[in-house]
Amino acid sequence: MYKPHFLKTTLFGALVSVLATNVSNTLAADLTDANEIVAKANLTAYYAGDDGRSEARMLIKDSQGRVQKRQFTILRRDREDGGKQDFLVVFSRPSDVRNTAFLVAKTPGKDDDRWLYLPGLDLVKRISAGDKRTSFVGSHFFYEDVSGRGIEEDTHQLIETGGSFYQIKSTPIKAAEVEFSGYSSWINKQNYLPEKIEYLDDNGQLYRRIEVIKSDVIQGNITVIQSKAMDLRSGAETIMEFRYQKYDLGMEQAVFSERSLRKPPRQWLRRQ
């Protein structure tokens with residue numbers, strides 16, 4: 001009876017050794033450079049494929065629980081992987097925002113060029129750098145949340161590497177130009193998707209949170225399916241749902257011209 005017990009103990013010891021080795025290897029593989037982690041997260045969140053199309057729906061709930069809805073299509077094209085990039089957002093519902101369009105020409109290291117077309121006034125409005133952290137068409141997402149914040153605009157510090165996430169603390173370099181004193185990001189170690197971002201005000205109080213509710217792999221790219229932006233002071237929030245995502249469609253640069261604000265590219269706004 002002793003021999004089987006010895007065999008069981010030996011196998012158990014071997015299993016523990018293997019697990020310990022795997023854990024050690026996993027820990028050894030963790031990145032330690034905050035800037036590298038943030039760069040990978042930026043690629044994951046904003047540069048999947050060479051271009052992309054998605055239909056989105058926003059449910060905007062105010063502090064009294066009243067709900068508004070917005071529907072729009074997002075088109076995106078990369079001019080450089082991790083570099084220059086263009087976005088076009090065209091609204092379809094409700095009727096009061098139908099054909100409202102938002103265009104971004106993104107250039108890392110410089111202020112993005114951003115335009116908003118208001119069809120009721122037939123007016124193309126340039127969005128200044130100071131406006132990029134204001135409400136995106138009445139929601140709790142900001143213009144900057146839609147097209148991304150330049151990673152060079154903040155300093156980044158790795159705070160925590162335990163568990164499944166890297167926790168990064170980011171501090172704005174030009175603090176006078178933003179409403180936050182800093183923010184923390186929880187970035188998934190396996191796919192580098194930023195799954196939660198929390199913002200602190202000038203008093204160090206948590207006041208805003210963005211989090212991924214659901215994600216999936218589409219054409220080999222980790223993709224956000226549902227996310228939420230929360231105003232923690234008022235309790236108001238916006239849920240954004242993405243549908244019919246596709247990548248590598250071959251969109252031309254002309255799709256992202258100022259002309260497309262007034263005359264949106266219907267070919268690409270239709271489901272592919």
Side-chain angles (χ1 to χ4, degrees), residues 31 33-48 54 56 58-61 74 76 82 85 87 89 104 106 108 112 129 131-137 139-175 177-216 221-242:
L31 300 180
D33 185 332
N35 291 320
E36 182 182 1
I37 296 167
V38 171
K40 287 179 177 289
N42 184 55
L43 286 174
T44 298
Y46 294 102
Y47 290 88
S54 177
M58 290 194 305
L59 302 176
I60 307 167
K61 184 171 71 173
I74 302 175
R76 189 249 320 156
Q85 188 178 48
F87 289 87
V89 180
V104 180
K106 184 175 177 178
D112 298 341
D131 289 337
K132 63 185 181 181
R133 291 201 59 77
T134 58
S135 171
F136 179 60
V137 292
S139 76
H140 300 94
F141 288 92
F142 293 163
Y143 286 97
E144 191 173 69
D145 298 325
V146 176
S147 55
R149 179 172 175 80
I151 62 177
E152 72 288 337
E153 295 184 67
D154 308 305
T155 59
H156 308 286
Q157 180 183 2
L158 179 58
I159 300 299
E160 179 63 53
T161 61
S164 303
F165 296 91
Y166 295 110
Q167 184 183 349
I168 303 288
K169 179 182 178 181
S170 301
T171 304
I173 293 173
K174 297 180 179 179
E177 296 183 0
V178 294
E179 86 292 351
F180 59 86
S181 63
Y183 61 94
S184 293
S185 306
W186 282 261
I187 298 170
N188 189 300
K189 287 184 178 180
Q190 290 191 345
N191 55 33
Y192 294 99
L193 181 68
E195 295 197 5
K196 183 171 69 172
I197 304 174
E198 293 187 337
Y199 293 85
L200 303 178
D201 63 19
D202 290 337
N203 296 317
Q205 298 297 310
L206 176 64
Y207 74 98
R208 185 171 187 259
R209 178 184 296 131
I210 296 178
E211 63 182 14
V212 173
I213 300 172
K214 184 179 180 182
S215 63
D216 200 357
N221 301 293
I222 185 69
T223 302
V224 175
I225 303 298
Q226 189 179 73
S227 61
K228 182 177 5 180
M230 290 164 277
D231 180 340
L232 301 177
R233 291 169 175 157
S234 68
E237 65 181 34
T238 296
I239 294 177
M240 185 143 54
E241 301 173 343
F242 300 93

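The salt bridge (Lys or Arg N to Asp or Glu O under 4.0 Å) check on Asp131 picks up nothing, with sequence neighbours excluded. A search for salt bridge (Lys or Arg N to Asp or Glu O under 4.0 Å) contacts involving Lys61 returns Glu237, not counting sequence neighbours. Residues forming a salt bridge (Lys or Arg N to Asp or Glu O under 4.0 Å) with Arg133 (at least two apart in sequence, or on another chain): Glu144, Glu179.
Here Tyr192 contributes atom OH and Asn42 contributes atom CG; the two are 14.0 Å apart, rounded to the nearest 0.5 Å. In this structure, Asp231 CG and Tyr207 OH are separated by 9.0 Å, a value rounded to the nearest 0.5 Å. The distance from atom NZ of Lys228 to atom CD of Glu211, rounded to the nearest 0.5 Å, is 5.5 Å. Interatomic distance, CD of Gln157 versus CG of Asn35, reported as 11.0 Å (0.5 Å rounding). Of the inter-residue distances, the one linking Tyr183 atom OH with His156 atom NE2 reads 5.5 Å to the nearest 0.5 angstrom. Put simply, CD1 on Ile151 and CD1 on Ile37 are 12.0 Å apart, with the number rounded to the nearest 0.5 Å.
Taking every heavy atom of both residues into account, Gly148 and Asp112 meet most closely at O-OD2, 4.4 Å. Heavy atoms only, all atoms of each residue included: His140 and Ala236 are closest at NE2-CB, 3.2 Å. The minimum heavy-atom distance linking Val89 with Val146 is given by the pair CG2-CG1, 4.3 Å. Across all non-hydrogen atoms, the minimal contact from Phe141 to Ser227 is CZ-OG, 3.6 Å.
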query = When you look at Ser184 and Ile159, which way does the side chain to side chain contact (heavy atoms under 4.5 Å, CB included) test go after all the steps?
reply = CA-CA 9 Å; Ser184 293; Ile159 300 299; 5.9 Å; no
message = Using the rule given for side chain to side chain contact (heavy atoms under 4.5 Å, CB included), can you reason through Tyr143 versus Val104, listing the C-alpha separation, both sets of side-chain angles and the distance that settles it, and then say yes or no?
response = CA-CA 10 Å; Tyr143 286 97; Val104 180; over 6 Å; no
ask   = So Leu158 and Ile168, side chain to side chain contact (heavy atoms under 4.5 Å, CB included) or not? Walk me through it.
value = CA-CA 5 Å; Leu158 179 58; Ile168 303 288; 3.6 Å; yes
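Considering Arg209, Arg208, Lys132 in turn, Arg208 is the only one that fulfils the salt bridge (Lys or Arg N to Asp or Glu O under 4.0 Å) rule with Asp145. For the side chain to side chain contact (heavy atoms under 4.5 Å, CB included) criterion with Ile222, the lone passing option out of Asn188, Asp216, Thr44 is Thr44.
You'll find the side chain of Asp154 stays beyond 4.5 Å of the side chain of Thr171, heavy atoms only. Side chains of Tyr166 and Leu31 form a contact here, defined as non-hydrogen atoms less than 4.5 Å apart. Between Lys189 and Ser164 the shortest side-chain heavy-atom distance does not fall below 4.5 Å. At a threshold of 4.5 Å between non-hydrogen side-chain atoms, the residues Ser185 and Phe165 do not count as touching. Annotation: side chain of Phe180 is not in contact with side chain of Leu200 (no heavy-atom distance under 4.5 Å). For the pair Pro172/Arg149, a side-chain contact is recorded, criterion being any heavy-atom separation below 4.5 Å from C-beta on. Looking only at side-chain heavy atoms (C-beta outward), Trp186 and Glu160 stay at 4.5 Å or farther from each other. Counting heavy atoms from C-beta outward, Val137 and Met58 have side chains that approach closer than 4.5 Å.
No side-chain donor-acceptor contact under 3.5 Å links Ser215 to the backbone of Thr223. Of the possible donor and acceptor atoms, none in the side chain of Arg76 sits under 3.5 Å from a partner among the backbone N and O of Ser54. Looking at Asn191, its side chain does come within 3.5 Å of a backbone N or O of Leu193 through a donor-acceptor pair.
A cation-pi arrangement, defined by a distance under 6.0 Å to the six-membered ring centre and an angle within 45 degrees of its axis, is present between Lys106 and Tyr46.
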